[in-house]
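What follows is a short report on a single structure.
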Amino acid sequence: MPELPEVETLRRTLEAALRGRTIVDARVHRRDMVVAPGDPAGGWSRSGETRAPVRLTRAMMLSEGRVERVDRLGKRLAIVADDGRVIEIHLGMSGQVLVAARGRRLASGEHVHVRWRLDTGDRVVFRDPRRFGGIWTHENEDALRERSWSRVGPDALTIDARVLRLRAGDSARVIKAVLLDQRVLAGVGNIYADEALFGARISPRAVTADLEPATWRRLAGSIRGVLGRAIAARGTTLRDYRDARGEVGEGGTTLRVYGRGGLACGRCGGELFSETIAQRTTTWCPVCQPVSA
DNA sequence: CTTATGACCTGATAGC
DNA sequence: TGCTATCAGGTCATAA
C-alpha cells in the first residue's frame, strides 16, 4: 500500500519506538516471508525454486541487537543494529509494522509473519495479509547496499530535475510508467505518480523522451512537493495503511486526482479522466495536463 | 538491450 | 443472505 510518505511516516514512528532498545527475541511464523543471505533466488521470487532456504538464525533476525536507527530508501526500510546487522523491510501492498506496548494487545493478530520482543517488554510485529511484502536480513550495511539499495534509483523526496532526467533518459515509455519504475526513482507509486503529474501539468501519456527541460523541472518540483505534503499529513490511508502506533494518515483529503475519476478537476472544473496506463488505474485532467507541454 | 504482460496473494465492495 | 466478479497503494520473471 505504502508509497514513500507512508514508509517515511512508519520510519519515524518505528525509530521512536525502537532506537536504543535491545531486541531480546524474534519468532518467524512464515519462513517464506523472510529472505536470508544465501537463500535461493533471494527476493520476491518465492515460486519455482526447489532448493531449500538456509537455516534462519536468531542472529539474522537481530536477536541481542541494540537498534541504532531506522533508515529508508524509497519504499524500503532498514532497521540497523549498533553492531551493523540490518533487517530490511518492504511492505508490498498490505504490509504493516506495529509496535504494541508491554501488556497491550495488537489491533489485529491475523497474518502476523514475524514477531520481535524488546528489552522493555514491548512487542513488534510484521503483518501482511496479501504477502506481497517481505523481510531481508543482511549481515552488515555493505550487504544491504550491494544486494538491495544499489539496485534502485535515488530517493524521490529529494530528487532534482537534472538527475531525474538523466536516469529517465530518452525512454520511449510514457512518463507514468517511468515514474513507477523504482530503478529510475525510488518511492513513487500509483497515487503519487498521478498527483505529481497533475501538479506538474503533464499528461501521464506523454512520451518520456519528448519532455522539455522546463517540464523536467516542473516534474521534479512537483514530486518533491507532493511527497513532502503527504508526509506532513502523516501519509495517506486508503484502507490498510497504519504507522507503527497503528494510526492512520490524513493525506487522503489532499488528493487532487487519485480516486477522483469522473469528478470535477479542482483547477479547471472539467471532468477528470480515468484509464489504465502502464497496467495501473490512472486519473488525470486532459485539459490541465496536455500531452505536449 | 528495452518494453509489455501475467503472476503472485487476500479482502473489500458492487451487483445480481 | 449469499454468490460471483472486479478491484486494490507493488514487484518480479518471462516473453517479445
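Letters A, B, ... are given to chains in the order of the sequence lines, protein chains preceding strands, and every chain is numbered from 1.
A/Glu64 and A/Arg85 are not joined by a salt bridge, as no carboxylate oxygen comes within less than 4.0 angstrom of a charged side-chain nitrogen. Under a 4.0 Å N-O distance rule, the pair A/Glu247/A/Arg12 does not qualify as a salt bridge.
The side chain of A/Lys75 sits closest to C/dT11 out of C/dC7, C/dT11, B/dT10.
The stretch residues 164-175 of chain A comes close to DNA chain B through A/Ser171, A/Ala172, A/Arg173, each having a heavy atom under 4.0 Å from the strand.
Nucleotide B/dC1 holds its C1' atom 11 Å from the CZ atom of A/Arg183, rounded to whole Å. As rounded to whole Å, 12 Å separates atom P of C/dT11 from atom CG of A/Asp128.
A distance cut-off of 5.5 Å between ring centres, combined with a plane angle under 30°, leaves A/Phe132 outside any stacking arrangement with the base of C/dT11.
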All N/O pairs under 3.5 Å across the protein-nucleotides 5-7 of chain B interface:
residue : atom : partner  : partner atom : Å
B/dT5   : OP2  : A/Gln279 : OE1          : 3.0

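Around CZ of A/Arg260, the count of heavy atoms belonging to other residues, nucleotides or ligands within 6.0 Å exceeds 12.
Within the nucleic acid shown, A/Tyr192 has no heavy atom closer than 4.0 Å to any nucleic acid atom.
Distances shorter than 4.0 Å separate none of the side-chain N or O atoms of A/Arg130 from OP1 or OP2 on B/dG11.
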Just to be sure I follow the notation: if a pair is Watson-Crick (purine N1 to pyrimidine N3 plus N6-O4 or O6-N4) or a G-U wobble (N1-O2 and O6-N3), each under 3.5 Å, what dot-bracket string does DNA chain C give, with | for pairs to another strand? .|||||||.|||||||
